[in-house]
Structure formats: structure tokens, C-alpha cells
Amino acid sequence: MIKRIVDVSEPSYLHLAHKQLIIEQKGEAVGQIPIEDLGVLILQNPAIVATQAALLACQQNNVAVVLCDQRHLPYSVLLPLTEANSLHSKIIRQQIAVNLPTRKRLWQQIVRQKIAAQAIVLKRLNKNTVALERLAAQVKSGDGDNLEAQAAQKYWRLLFGDQFRRDSEAAGINSLLNYGYAIMRALVARAIVASGLHPALGVNHSSQYDGLCLADDLMEPFRPWIDYQVYRLAEESADLAIDKRSKVALLNLLSEPVIFGKQTLPLMVACHYLLADFKRAYADRSAKLEYPRWTVLEP
């Protein structure tokens with residue numbers, strides 16, 4: 001079943017009634033949705049009030065609740081940890097026991113997938129892909145040569161020009177990239193928790209201040225999808241901001257049809273299959289991570 005993404009950006013009162021999330025504004029109900037149909041709930045207004053029952057029901061139904069800051073950028077994600085998976089503690093013990101060679105092997109595959117996805121974006125936009133395709137083929141276990149960073153330097157110049165700089169605080173293109181990445185991160189974190197894995201135990205990211213290290217690892221190959229969408233938005237208008245138009249374009253990515261194996265699925269569903277493969281790759285050295293392919297980027 002395709003889960004719904006609900007973005008609440010106006011002052012609202014959210015409460016639960018008969019297993020439905022009720023959204024009230026100015027004393028009147030303006031929205032109603034079964035909790036079990038929700039996948040992601042985005043709250044981005046300081047005047048939003050939600051009852052504990054509504055938030056708990058979201059957690060019991062594996063809904064990722066995203067809280068945004070004053071810049072309208074996602075700042076925090078609420079995820080269920082106690083009952084998201086019946087084998088949660090067993091899987092976490094296995095996750096902790098994963099050795100360094102396995103983590104380095106998995107990171108190699110993730111970086112290869114990311115650079116290959118960047119090359120696909122450039123190809124779709126009729127830009128030079130030779131350098132990135134070469135780097136993708138050269139990534140070694142653990143990416144000790146940091147080809148991910150080398151690819152990024154070339155990629156940003158090719159995509160947005162020599163003057164573009166990634167800046168998490170800047171407006172315009174950067175603000176939309178930050179918004180898109182944060183939403184994608186929440187989606188991946190939701191799939192991680194549903195699989196029984198703990199999102200803080202990454203294969204490469206390991207900051208003690210980061211509670212979503214594994215999500216930061218696994219979302220890397222999805223970042224170019226956001227880049228492509230922001231590029232298209234920039235083509236349509238130079239006056240970029242996190243507004244209704246840009247949010248709709250970026251949020252729609254989460255339910256876009258993607259190709260996973262021989263199936264065409266919504267991205268939100270395909271992420272669960274990706275996590276199942278990822279768990280198998282912990283134990284099976286021959287297993288290869290295959291990421292979903294976005295149909296929009298297919299030749």
C-alpha cells in the first residue's frame with residue numbers, strides 16, 4: 001500500500017479520533033486521514049499543537065514525524081524504536097557485531113552507487129559524465145582514496161557551474177537541496193527502523209552526535225535524485241525558495257515510481273526492499289546492494 005505524505009505548514013491542532021488524524025485550523029476540521037495510511041508527517045509551523053495520543057498513534061504505525069525549524073528545514077525526526085520490529089534487539093546485536101571489512105565493503109558499494117547516480121543525473125541533463133563514470137569504477141573497499149569527495153567536486157561544477165558552493169546555511173539552490181536531503185533522510189530512517197536496524201549504527205558515518213548515522217550512509221545514492229529535481233526547479237525560476245511549489249516537487253519524490261529489480265514500486269515501498277537486501281549483505285559477502293532506479297532518470 002502506498003503511504004501518504006502529509007505536510008502541515010499552517011497553525012493547526014492535530015488530534016486523534018477513531019484512528020484518524022484530525023487536522024483542525026481556526027476551529028474547523030480541514031483534514032482527516034487514517035493513521036495507518038500515513039507514511040511521513042511533516043510539521044513546520046511553531047503554532048502547531050499535537051496531542052500525545054496523535055503522536056503515539058503515529059509511532060505505533062511507523063509514521064516518520066518530521067519537525068521543521070524556523071527556516072522551514074527539517075530539524076528532527078520522531079521514529080518508533082520499541083515495537084517497529086519483533087526481532088529488534090536480536091538484529092541490533094547482529095548489527096553491532098558487524099566487522100570492519102564488512103562495513104568497508106558495504107561503504108564501497110554505497111559510494112559506487114552514489115557516484116554512478118551522479119553520472120546518470122549529468123547524462124540526463126546532457127552534461128559530461130566521463131570523469132564520474134571513471135571514478136565510480138575505481139572505488140575500493142572503504143573508499144580510502146575518498147573518491148566520493150573527488151567526484152563531488154567535479155559533479156557540483158558540472159551540475160550548477162563553477163560559482164556554485166554547497167552551503168547548509170545558504171538560500172536558493174542550497175536551501176532546497178537541504179530540504180530535499182532532510183526529507184529523504186527521514187524516509188530512509190523510517191525504513192531502517194521498520195527493518196529492526198538501529199539508525200545510529202552506521203557503516204561509515206560514526207559521529208557521536210549523529211543519531212541517524214546509518215540513514216546518512218544509505219541515503220547517499222538518493223542525494224542525486226534531489227539534485228536533479230532542484231536543478232529542474234532552478235530552470236523554471238531563478239527565485240528559489242521553500243514554498244508550496246518546491247515542496248510539492250520534492251515531496252512527490254517519496255512516492256515516485258522506481259524500478260527495483262524487475263518491479264516498479266513507489267520509492268517508499270522500494271526502500272523497505274533495499275533494507276532487506278542490506279541486512280542480508282551483512283552476512284553474505286557475495287551480496288551486492290542494488291538501489292532503486294528512478295524512472296525519470298532512465299534513458
Side-chain angles (χ1 to χ4, degrees), residues 5 7 9 40 42-46 64 66-77 110-111 113-115 117-129 131-132 135 146-189 204-205 207 209-213 215-254 256 267 294 296-297:
I5 304 157
D7 183 315
S9 56
V40 180
I42 302 169
L43 307 178
Q44 54 171 317
N45 190 299
V66 180
L67 306 177
C68 297
D69 62 16
Q70 63 277 13
R71 300 171 300 167
H72 307 291
L73 292 174
Y75 185 82
S76 177
V77 182
I110 290 169
V111 173
Q113 296 270 358
K114 178 182 180 181
I115 299 175
Q118 290 172 330
I120 290 172
V121 167
L122 295 179
K123 185 175 183 178
R124 190 67 177 173
L125 298 172
N126 297 316
K127 298 178 184 290
N128 192 329
T129 63
L132 266 67
L135 287 173
N146 203 9
L147 296 190
E148 181 196 16
Q150 294 182 41
Q153 289 183 348
K154 300 178 187 301
Y155 171 70
W156 290 124
R157 284 201 298 270
L158 288 164
L159 186 62
F160 289 122
D162 292 338
Q163 303 304 315
F164 177 77
R165 297 290 182 274
R166 275 291 291 135
D167 184 342
S168 61
E169 302 295 327
I173 289 174
N174 275 292
S175 68
L176 263 62
L177 291 174
N178 296 335
Y179 180 84
Y181 293 158
I183 295 298
M184 189 66 78
R185 187 185 191 221
L187 175 72
V188 174
N204 183 68
H205 289 81
S207 170
Y209 306 108
D210 184 359
L212 298 177
C213 288
D216 289 334
D217 288 330
L218 291 175
M219 69 166 283
E220 291 292 349
F222 292 126
R223 288 179 182 268
W225 297 25
I226 302 295
D227 307 337
Y228 178 83
Q229 198 70 305
V230 172
Y231 182 94
R232 288 303 192 196
L233 287 167
E235 276 189 327
E236 295 172 6
S237 171
D239 185 21
L240 286 177
I242 302 174
D243 52 20
K244 184 175 181 180
R245 181 180 71 99
S246 60
K247 284 196 294 185
V248 167
L250 293 168
L251 290 174
N252 280 346
L253 274 178
L254 306 189
E256 281 282 323
L267 174 60
W294 189 17
V296 172
L297 294 179

- Note on the structure: Smallest heavy-atom separation, Leu254 atom then Leu267 atom, equals O-CB, 3.5 Å
- Test side-chain contact (heavy atoms from CB on, under 4.5 Å) on Glu220 and Val111 and set out the steps. CA-CA 7 Å; Glu220 291 292 349; Val111 173; over 6 Å; no
- Task: Compare all side-chain heavy atoms of Asp227 with those of Tyr155 and state whether any distance is below 4.5 angstrom.
- Result: yes
- Quick one: does Leu251's side chain get under 4.5 Å of Tyr179's, heavy atoms only? yes
- Message: So which atom in Ala186 and which in Val77 form the shortest heavy-atom distance, rounded to 0.1 Å?
- Response: CB-CG2, 4.0 Å
- Message: As a test of understanding, state which of Asp216, Asp210, Asp217 forms a side chain to side chain donor-acceptor pair (under 3.5 Å) with His205.
- Response: Asp217
- Query: So, the side chain of Thr129 versus the backbone of Ala119: is there a donor-acceptor pair under 3.5 Å, distance only?
  - Reply: no
- Please report the closest heavy-atom contact between Tyr181 and Met219, naming both atoms and the distance. O-CE, 3.4 Å
- Query: Quick one: are Ile173 and Arg165 in side-chain contact, heavy atoms under 4.5 Å?
  - Reply: no
- Task: Please work out which of the three classes, parallel, tilted or perpendicular, describes the rings of Phe160 and Phe164, given edges at 30° and 60°.
- Result: tilted
- Message: Taking the side chain as everything from C-beta on, heavy atoms only, tell me whether Ser9 gets closer than 4.5 Å to Lys247.
- Response: yes
- Arg245 (side chain) donor-acceptor with Ile242 (main chain) under 3.5 angstrom: no
- Task: To the nearest 0.5 angstrom, please state how far the CG atom of Leu177 sits from the CG atom of Leu240.
- Result: 9.5 Å
- Check: Val296 main-chain N/O paired with Arg124 side-chain donor or acceptor under 3.5 Å: yes
- Any chance you could measure Leu159, atom CG, to Leu132, atom CG, to the nearest 0.5 Å? 10.5 Å
- Item | Side chain Gln229, main chain Ala249, donor-acceptor under 3.5 Å | yes
- With no hydrogens and no angle check, do the side chains of Ser246 and Asp243 hold a donor and an acceptor under 3.5 Å apart? yes
- Within the 6.0 Å centroid threshold, strictly below: Tyr228 and Trp294: yes
- Message: What's the separation between atom CG in Leu147 and atom CD in Gln150, rounded to the nearest 0.5 Å?
- Response: 5.0 Å
- Message: Just checking Tyr75: does its OH atom have more than 12 heavy atoms from other residues, nucleotides or ligands closer to it than 6.0 angstrom?
- Response: no
- How long is the gap from CE on Met184 to CD1 on Ile226, to the nearest 0.5 Å? 4.0 Å
- Message: Please check: side-chain N/O of Asp162 versus main-chain N/O of Arg157, any donor-acceptor pairing under 3.5 Å?
- Response: no
- Taking all non-hydrogen atoms of both residues into account, name the closest pair between Gln118 and Pro224 and its distance. CG-CG, 3.6 Å
- Can any side-chain N or O of Asn174 pair as donor or acceptor with the backbone N or O of Asp167 at less than 3.5 Å? yes
- Query: Can you tell if the side chain of Ser76 reaches within under 4.5 Å of the side chain of Val66, non-hydrogen atoms only?
  - Reply: no
- Between Leu122 and Asn128, is any pair of side-chain heavy atoms under 4.5 Å apart? no
- Under 4.5 Å between any side-chain heavy atoms of Ile42 and Ile183, yes or no? yes
- Query: Are side-chain heavy atoms of Leu135 and Lys154 found at a separation under 4.5 Å?
  - Reply: yes
- Task: Nearest 0.5 Å please: distance from the CD1 atom of Ile120 over to the CD1 atom of Ile115.
- Result: 12.5 Å
